[in-house]
Amino acid sequence: MNTLLAFDEKTAETTEKVVEVVSQVVPLPLVIGLTILILAVFLGFELITKIPPTLHTPLMSGSNAISGITLVGAILVAGTEHGGFAAFLGFLAVVMATVNVVGGFLVTHRMLQKFKR
Amino acid sequence: MNTLLAFDEKTAETTEKVVEVVSQVVPLPLVIGLTILILAVFLGFELITKIPPTLHTPLMSGSNAISGITLVGAILVAGTEHGGFAAFLGFLAVVMATVNVVGGFLVTHRMLQKFKR
Amino acid sequence: MSPVWINLSYLVSAIFFILGLKGMTRPKTAVRGNLCGAIGMLIAIVATLLAAEVVSFAWILVGVLIGSGVGAYFATTIKMEKMPEMVALFNGFGGAASMFVAGGDFWLRTGDPSSSVIISTALAGIIGAVTLTGSLVAFGKLAEFQFIKKLKALPQQQIINAALAVLLLILVSVILNNPSSGWYWLIVLVALVLGYMLTISIGGADMPVVIALLNSYSGLAAAATGFVIGNTILIIAGSLVGASGLILTQVMCKAMNRSLPAVLFGSLGPAVDGPSADEVYTNVKSTSADEIAMMLEVARKVVIVPGYGMAVAQAQHAVRDLMNLLQEKGIEVTFGIHPVAGRMPGHMNVLLAEADIPYDLLLEMDEINSDIEQVDVCLVIGANDTVNPDARTNPQSPIAGMPIINVDKAKTCVVIKRSLSPGFAGIPNPLFSADNALMFFSDGKQAVMDIITAVIEG
Amino acid sequence: MSPVWINLSYLVSAIFFILGLKGMTRPKTAVRGNLCGAIGMLIAIVATLLAAEVVSFAWILVGVLIGSGVGAYFATTIKMEKMPEMVALFNGFGGAASMFVAGGDFWLRTGDPSSSVIISTALAGIIGAVTLTGSLVAFGKLAEFQFIKKLKALPQQQIINAALAVLLLILVSVILNNPSSGWYWLIVLVALVLGYMLTISIGGADMPVVIALLNSYSGLAAAATGFVIGNTILIIAGSLVGASGLILTQVMCKAMNRSLPAVLFGSLGPAVDGPSADEVYTNVKSTSADEIAMMLEVARKVVIVPGYGMAVAQAQHAVRDLMNLLQEKGIEVTFGIHPVAGRMPGHMNVLLAEADIPYDLLLEMDEINSDIEQVDVCLVIGANDTVNPDARTNPQSPIAGMPIINVDKAKTCVVIKRSLSPGFAGIPNPLFSADNALMFFSDGKQAVMDIITAVIEG
Ligand SMILES: NC(=O)c1ccc[n+]([C@@H]2O[C@H](COP(=O)([O-])OP(=O)(O)OC[C@H]3O[C@@H](n4cnc5c(N)ncnc54)[C@H](OP(=O)(O)O)[C@@H]3O)[C@@H](O)[C@H]2O)c1
Ligand SMILES: NC(=O)c1ccc[n+]([C@@H]2O[C@H](COP(=O)([O-])OP(=O)(O)OC[C@H]3O[C@@H](n4cnc5c(N)ncnc54)[C@H](OP(=O)(O)O)[C@@H]3O)[C@@H](O)[C@H]2O)c1
């Protein structure tokens, strides 16, 4: 069956139906996630090996701030309609991730301004 | 609905059914494809700016060979059970892409061997 | 906002993160790079807030307010010298957040999750938990809390750690067949203990490596969470951070000539069979600010080599004043920065930049070493292990092979520190009794100010 | 093989491509890098052959056999001088393949394809078709086929091109509402014409830029095809190639001090108001092999600057012999390589490497220029535009601002070429009548062999 060609008489119909239900969002397939991971890791290596030692401390605090991206997940969990325990966990995650993000970017900014000239 | 969390009572069931039908392959969503494209382009830029001018000719013929990756698509089209005109187009594509791949890698190899010492 | 648009926003956010890191490759563009990263974060957050599945905003709002307050407070009040501690602490928060998100998502799941989701969840929990307790220990050790010092590694530490790791593997295979939240929290609990156990046995001197590694972990935890909730931006940003932390770890290990496993599982403390301090310090000559001022006034080339002691003494502003004074007299002043001077990579650069010392005067180790013989006076301020010639000459030394700044090869070398006590590696330094070396025993800041006064008056 | 495994194989293949490009960053690892790329390709192909939807292998087998035969024949028999032509031709094949794949897939579709699929298909067709005819024209121009020379650009070329582009836009909006194969082939037809039109008006001297750009296009066509069939490896590999071609284009444009639009749409041919050859060539002194040999024997530093003429004359092996001879006499010989010498970037490096000249003797333009005043004899072999001092001194010159190798600043400069006829830019070169310049009118290879004989005999 021609699924890799994204074409197939039988599946075409079924797929279409689902597309309606989950409103065009299909859960990210594992292999695709891995592909994105590998590309990003390689890209990260190339980018970061170019950063000079002078900037290694700001790099550390800055990338720390970026790892606060998990805030996105925290918001999704904290904002769920089901509430309860999960929402509380989400709340904790929101607090911690926000400290990470806000504190990280701010302190990096503070440091980097000294390097401007 | 909690689709971004890949969780939802109603869709969970439907998704599962489809997963059976299309045997875990869902057509690549456009945004995901774009994400992969952007990551690969950035990675390409970082990698290729590091290649010294001495190797620019082999780089050109080598990346030419890589662009023959369209052979993968050619095989899918040429090998389809539906045959006919499409398979013929696929055949043409297979020939051309193979020339590109085989010729490209071979000639690059020939050139690079001179650089070994 | 429809999911397609949200995902497009995530893509834009990823581009901003990448451009942000590209900006960090040069001091001139680094501020802009950091702003880029912050904008990327903002885009991702706003897009998520607009997602259809986010329906109740109370928790989120309160959480963001608290978090912003705490984060902003720390970021604006922390002293530059305390950066390592702060990074360690924030790292832990990042790991904890991922751990909670994965747990919350698992709690919400009703259907039978696929095994890849379960494994991702378990990974996010494990890495997040290890990051949390590991970072807390690192924080405690860097801040030199007394109670942390009292906590000792257990005798069979490595075996216990291995047992915990095996236990985790078993628990993961259990949760694969019984996907219930209870098992998740048990896994997290074990991982929390493991994180503590792994770091408690590592010496304080190696904490910067641990922090960088945990930095990498906090990124990986976010990436694993990305697999849990099927979110590309978490995977991309997490991977970038993962790569960043790993590279910094490598940089440090190389600068200390040690392998990562040696840092993580190696023995610590000084080599027992090394020479004692009394054997080494036979020829120590101490000097005064006036004498140093006289030497400086006839010098043509002066190199200042700062170390952790400069950070402790907060001497960077005094050092800047000394530099200006000498430059006015036509003396060439540069700085020799060892890659692991201080308590985190780039630590010295940040401090000196804070004091408005132009970064093009901060030379890397190799550059300084290449013509250190031409240097008239080398002023070592609170550096110790990074200028210990034993690393070069004594193959038995615990720091043997570590590249150092060869201050002992300068014409004269003045070492400013409070006593003959050792640096973080805990070993004596033969530099202090070298023929061309003079000791100025004083607090770093006070010493530099005394020298300034002496130069002005003399 | 199940789709998951196929996709995993594609991921492995992508990693090999990336490692391959990383290998290309150093001459020592480049062979391995290229092999890596080939292995990546093999993995992708084998995985695809094992896909469930590939059921009939006859066409594939025949196609692969023919393609391999043709490819291997060209690759093993082509002369190194002809690389630019070969790359141009192969580029075209890559574009054509993507165009056929997209067309074949479109033909196979039965349901209503989504608009993103239609647009991707149209893009693959358009880019592929433009790449095909563009590359064929580039090939023809480089191979200097007579009939290509006779084809002239139409008077209102730019307007026609714009009209074709608009027509394509209209056709794409049509096919969006009537997704039928007929429209697809009409689009392809128009794009084929556009590709021809765009390149036919570009001067032969700019063909290398065009080839690099088409190289980039062939990658983008593959990436677009990846969107059509939902295949990640096509997207990744295509993007890598797209980036590669674009960077090479930039490199060349910078080395010629021209913008890409100026290359693609700019005027061509010599500036009409420039000085004529008769005005410039008033002081031309010609010399002989014996005289050159005498100068070489008393020289301490010799720099050889090759250009396209060396490729035409296939003089690289003779040059190698001359180098060995001079080195035996203790004379320092290096090579000055202009980034756009020859007919593609790195052209000279490949030729000289073919003749076993170590690549560390091949210096880049800036390096050579930095102490060219110390050079006793500069031997220019078949280079012209890349050593034209007008670029530096005459702001009116069509090549004004192009960085050149300043051979006119060497103590003596010997220029080997067959006549006073101009290089690819078609403008006279004041170097030839400079006071310190001597012309040796001869075929490049013959000239070098004559010099060798003279040196040996003298
Ligand atoms: N930076 C990193 O990323 C990193 C990473 C891993 C490991 N490390 C380790 O950290 C160490 C860094 O070496 P280092 O040379 O910078 O420092 P160090 O070897 O730790 O020595 C610091 C010296 O500063 C002196 N000091 C402390 N407070 C002072 C004050 N107020 N005024 C003047 N002097 C003062 C101390 O001597 P007194 O007590 O006598 O004053 C001490 O000997 C190395 O062992 C390195 O391997 C660093
Ligand atoms: N390499 C690239 O990537 C690239 C890219 C874009 C543009 N270009 C353009 O290509 C040109 C390259 O400059 P170039 O200096 O290498 O070459 P050139 O300016 O094209 O000049 C080549 C010279 O070689 C001589 N020649 C031809 N056959 C010869 C033979 N058998 N023996 C000896 N001499 C021979 C010709 O003069 P006679 O006929 O008198 O012998 C001619 O003047 C530039 O205009 C550059 O802008 C190159």
Side-chain angles (χ1 to χ4, degrees), chain A residues 24-25 27-28 30 33 36-37 40-41 44-45 47-48 50-51 53-57 59-64 66-70 72-75 77-82 85-87 89-109 111-112 114-115, chain C residues 3-4 21 24-25 27 30-31 34 38 41 44 48 54-56 59-60 63-64 66-68 70-72 74-75 87 90 93-94 96-98 100-101 103-105 107-108 116 218-219 222 225 227 229-230 232 234-237 239-241 243-244 247 339 344-346 349-350 353-354 359:
Chain A
Q24 290 197 303
V25 161
L28 193 69
L30 182 64
I36 291 177
L37 176 100
V41 167
F45 267 97
L47 289 173
I48 285 152
K50 279 189 187 158
I51 296 178
T54 309
L55 293 177
H56 276 172
T57 295
L59 166 64
M60 214 151 157
S61 61
S63 63
N64 204 329
I66 294 182
S67 79
I69 188 68
T70 199
V72 162
I75 291 176
V77 173
T80 174
E81 52 179 337
H82 307 269
F85 181 55
L89 290 175
F91 165 71
L92 287 181
V94 167
V95 173
M96 301 200 149
T98 309
V99 172
N100 206 339
V101 168
V102 174
F105 281 120
L106 262 186
V107 86
T108 310
H109 184 75
M111 268 189 273
L112 286 175
K114 321 283 188 179
F115 282 96
Chain C
V4 171
L21 284 178
M24 292 285 262
T25 48
V31 174
N34 187 51
M41 188 62 79
T48 312
V54 178
V55 289
S56 65
W59 284 114
I60 300 175
V64 166
I66 298 179
S68 304
V70 175
F74 274 121
V87 170
F90 281 11
F93 288 178
S98 293
F100 286 133
V101 172
D105 177 68
W107 179 267
L108 285 172
S116 73
S218 72
T225 312
F227 279 93
I229 64 174
T232 53
L234 259 75
I235 298 179
I236 296 174
S239 306
L240 293 175
V241 176
S244 155
I247 289 176
M344 75 192 296
N349 308 68
V350 168
E354 190 203 359
Y359 55 77

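- Taking CD1 of Ile75(A) as the reference point, atom CH2 of Trp59(C) lies at 15.5 Å (rounded to 0.5 Å).
- Nearest heavy-atom pair across Met24(C) and Leu112(A) is SD-CD1, 3.9 Å.
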**OP:** Show your reasoning for whether side chain to side chain contact (heavy atoms under 4.5 Å, CB included) applies to Thr80(A) and Val55(C).
**Re:** CA-CA 6 Å; Thr80(A) 174; Val55(C) 289; 6.0 Å; no
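- Tyr359(C) approaches Phe115(A) most closely through the heavy-atom pair CE2-O, 3.0 Å.
- When the candidates Gly346(C), Ala75(C), Ser68(C), Ala243(C) are compared by the number of heavy-atom contacts under 4.5 Å with chain A, Ala75(C) comes out ahead.
- At least one side-chain heavy atom of Pro27(C) sits under 4.5 Å from a side-chain heavy atom of Leu55(A).
- Applying the side chain to side chain donor-acceptor pair (under 3.5 Å) rule to Thr225(C) yields no partners; only residues at least two apart in sequence or on another chain are considered.
- In this structure, Leu47(A) CG and Leu240(C) CG are separated by 7.0 Å, a value rounded to the nearest 0.5 Å.
- Heavy atoms closer than 4.5 Å to chain A are found nowhere in Pro339(C), neither backbone nor side chain.
- Taking Ser116(C) as the reference, Ser114(C) meet the side chain to side chain donor-acceptor pair (under 3.5 Å) condition, with sequence neighbours excluded.
- Between the Asn100(A) side chain and the Phe90(C) main chain, a donor and an acceptor come within less than 3.5 Å of each other.
- Minimum heavy-atom separation, Ser63(A) to Val241(C): O-CG2, 3.2 Å.
- No side-chain heavy atom of Ile66(C) sits less than 4.5 Å from a side-chain heavy atom of Thr98(A).
- Between the CG atom of Leu234(C) and the CG atom of Leu37(A) there is a distance of 12.0 Å, given to the nearest 0.5 Å.
- Judged purely by distance below 3.5 Å, without hydrogens or angles, the side chains of Ser98(C) and Thr70(A) pair a donor atom with an acceptor atom.
- Taking both residues in full, the closest heavy atoms of Ile66(A) and Ala237(C) are given as CG2-CB, 3.8 Å, listed atom of the first, atom of the second, then distance.
- Ala222(C) and Ile69(A) make their closest contact through CB-CG2, 4.0 Å (heavy atoms, listed as atom of the first residue, atom of the second, distance).
- Across Val94(A), Val72(A), Leu106(A), Leu30(A), the residue that shares the most heavy-atom pairs under 4.5 angstrom with chain C is Val72(A).
- Taking NZ of Lys50(A) as the start and CG of Leu21(C) as the end, the distance is 12.0 Å to the nearest 0.5 Å.
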**OP:** Evaluate the criterion side chain to side chain contact (heavy atoms under 4.5 Å, CB included) for residue pair Thr232(C) and Leu28(A); output intermediate values, then yes/no.
**Re:** CA-CA 8 Å; Thr232(C) 53; Leu28(A) 193 69; 4.1 Å; yes
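- Judged by distance alone, with hydrogens and angles left aside, the side-chain atoms of Ser67(A) form no donor-acceptor pair with the main-chain N or O of Gly94(C) at under 3.5 Å.
- With a 4.5 angstrom heavy-atom cutoff, Trp107(C) touches chain A only via side-chain atoms.
- Distance check, rounded to the nearest 0.5 Å: CD1 of Ile247(C) to CZ of Phe45(A) gives 5.0 Å.
- Between the side chain of Asn64(A) and the backbone N or O of Val87(C) there is at least one donor-acceptor pair closer than 3.5 Å.
- Contact tally against chain C (heavy-atom pairs below 4.5 Å) for Met60(A), Met96(A), His109(A): the top residue is Met60(A).
- Val101(A) touches chain C through its side chain: at least one heavy atom from C-beta onward sits under 4.5 Å away, while N, CA, C and O do not.
- Interatomic distance, CZ of Phe227(C) versus CD1 of Ile36(A), reported as 8.0 Å (0.5 Å rounding).
- The greatest number of non-hydrogen atom pairs below 4.5 Å with chain A, out of Ala38(C), Gly219(C), Ala96(C), is found for Ala38(C).
- When all heavy atoms of Met41(C) and Gly68(A) are compared, the pair lying nearest together is CE-C, 4.0 Å.
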